[in-house]
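Data first, discussion second: the structure below is written as structure tokens.
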Amino acid sequence: IENLALNEFRATANVEEFAGGIAVVIPAYNESGNIVQVLASLPEEISGLRLHAIVVDDGSSDDTMERARAVGAAAVHLPLNRGQGAALRTGYRLALATGARLVVTMDADGQHQPSELPRLIQPILDDEVDVVNGSRVLGAADPNHAARKLGIKVFAWALSLLTASRITDPACGYRAVRTEALRDLEFHQDQFHNSEFILEASKRKLRTMEVPVTVSSRLSGASKKPPHFRYGLGFANALLRAWLR
């Protein structure tokens, strides 16, 4: 599936225009109602580097991919809904084929604020770190379910212990990574990607930091995440597998 996506990407996107810039990887599943607004909110450049979006349509039954392409984004459609982790893994592979200098990941539902991109990107451009993870705990977030808040605290504690570093938000998918550092990371989780990314970066001894970000409510539509208990079990399973690998 990833090979098919790479071939589609090379056939439909202007891959050369990504070189030396910032590839923004956006996994999307049935987000036709939000994707155009999310893409339109992206700046054209940051710190002199051009931004180009890669939308990975994770088996949507709507016209997410078509809408993304209509506003100029590079987009591929996966034939099966495999999960956010698998979509991001595909997106990373596409970004690595472009020669982009940095790779950013953000959600397709409007929860992440493009205005905060500079604070994720600048520490990497200044060669302070290799990875910058966004944290709603350090920043702000719209009201959330008590069970989810508790889960964030518990898994933040667990990841802080396992990585011997301070992790405040283990579930935020808003991050930036130096492309060359990304090449050294291995990902296997099809769904719960964030804990795997944090652990992989720690194992590879990448320089990592958190910065405050704002996580807002979705622009429209319902969340694709499973119920809180199932989400917690899945997150714990992914964390354990990534640690033992």
Side-chain angles (χ1 to χ4, degrees), residues 1-32 34-36 38-39 42 44 49-109 112 117 120-121 124 130-131 173-194 196-197 200-201 204 206 224 238 241-242 245:
I1 289 176
E2 290 180 18
N3 287 337
L4 289 172
L6 181 58
N7 290 337
E8 180 184 2
F9 180 64
R10 286 172 170 163
T12 59
N14 185 359
V15 176
E16 292 76 15
E17 69 181 4
F18 285 79
I22 301 169
V24 183
V25 175
I26 305 176
Y29 176 58
N30 288 339
E31 294 288 357
S32 65
N34 299 320
I35 192 63
V36 171
V38 169
L39 292 170
L42 293 175
E44 292 186 1
L49 300 183
R50 297 283 294 181
L51 267 74
H52 298 284
I54 301 175
V55 176
V56 181
D57 181 348
D58 186 29
S60 296
S61 58
D62 63 14
D63 59 348
T64 294
M65 183 193 71
E66 290 80 4
R67 285 177 174 260
R69 286 184 178 175
V71 293
V76 296
H77 176 78
L78 305 183
L80 301 171
N81 175 235
R82 302 165 69 206
Q84 187 184 57
L88 284 169
R89 191 167 62 238
T90 301
Y92 289 147
R93 186 171 177 187
L94 303 185
L96 288 172
T98 66
R101 183 176 175 184
L102 303 178
V103 179
V104 171
T105 59
M106 65 186 301
D107 290 349
D109 55 13
H112 299 149
L117 276 167
L120 276 82
I121 291 168
I124 300 176
D130 303 302
V131 178
Y174 201 13
R175 65 168 46 89
V177 56
R178 190 189 311 276
T179 304
E180 289 308 309
L182 182 61
R183 294 184 189 279
D184 296 329
L185 305 182
E186 294 183 21
F187 303 115
H188 300 274
Q189 292 296 323
D190 284 349
Q191 183 58 263
F192 300 93
H193 173 75
N194 288 311
E196 183 179 40
F197 191 105
E200 267 292 296
R204 306 294 179 180
L206 298 184
K224 312 301 190 304
R241 286 176 178 271
R245 191 173 67 237

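One is the number of the first residue; the rest follow in order along the sequence. Worth saying up front: this structure is predicted, and the values here are computed from it rather than measured.
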So ring-ring contact (aromatic ring centres under 6.0 Å, His included) across residues 64-86, not counting sequence neighbours, yields none

salt_bridge(Glu8, Arg69) N-O dist < 4.0 Å:
yes

Return the set of residues passing salt bridge (charged side-chain N to carboxylate O under 4.0 Å, His left out) with Arg82 (not counting sequence neighbours), or none when no residue passes.
none

Under the side chain to side chain contact (heavy atoms under 4.5 Å, CB included) rule, what do Phe197 and Leu88 come out as? Steps first, then yes or no, please.
CA-CA 11 Å; Phe197 191 105; Leu88 284 169; over 6 Å; no

Among residues at least two apart in sequence or on other chains, which ones pass side-chain hydrogen bond (donor to acceptor under 3.5 Å, both in side chains) with Glu66?
none

Mind running side chain to side chain contact (heavy atoms under 4.5 Å, CB included) on Arg93 and Asn3 for me, showing each step along the way?
CA-CA 9 Å; Arg93 186 171 177 187; Asn3 287 337; 2.6 Å; yes

Working note: Leu42 + Leu117, criterion side chain to side chain contact (heavy atoms under 4.5 Å, CB included); need CA distance, chi angles, decisive distance, verdict.
CA-CA 9 Å; Leu42 293 175; Leu117 276 167; 4.2 Å; yes

Could you check Val71 against Ile35 for side chain to side chain contact (heavy atoms under 4.5 Å, CB included), going step by step and ending with a plain yes or no?
CA-CA 10 Å; Val71 293; Ile35 192 63; over 6 Å; no

Could you tell me whether a side-chain N or O of Glu196 sits under 3.5 Å from a main-chain N or O of His188, the two making a donor and an acceptor?
yes

When every non-hydrogen atom of Thr12 is compared with those of Ala75, the smallest separation belongs to OG1-O, 4.2 Å

Let's go through Arg50 and Glu17 carefully: what are the C-alpha distance in whole Å and the side-chain angles of both, what is the deciding distance for salt bridge (charged side-chain N to carboxylate O under 4.0 Å, His left out) to 0.1 Å, and is it a yes or a no?
CA-CA 9 Å; Arg50 297 283 294 181; Glu17 69 181 4; over 6 Å; no

Verify, without hydrogens or angle tests, whether Ser60 (side chain) and Asp62 (backbone) share a donor-acceptor contact under 3.5 angstrom.
no

Under the rule for side-chain hydrogen bond (donor to acceptor under 3.5 Å, both in side chains), what residues qualify as partners of Arg101, not counting sequence neighbours?
none

Check Asp57, Asp58, Leu4 against Leu78 for a side chain to side chain contact (heavy atoms under 4.5 Å, CB included) and give me the one that passes.
Asp58

Got a donor-acceptor contact below 3.5 angstrom from the Arg67 side chain to the Glu31 backbone?
no

Thr179: what forms a side-chain hydrogen bond (donor to acceptor under 3.5 Å, both in side chains) with it, not counting sequence neighbours?
none

List in chain and number order the residues that pass ring-ring contact (aromatic ring centres under 6.0 Å, His included) with Tyr174, two or more places apart in sequence or in another chain; answer none if no residue qualifies.
His112

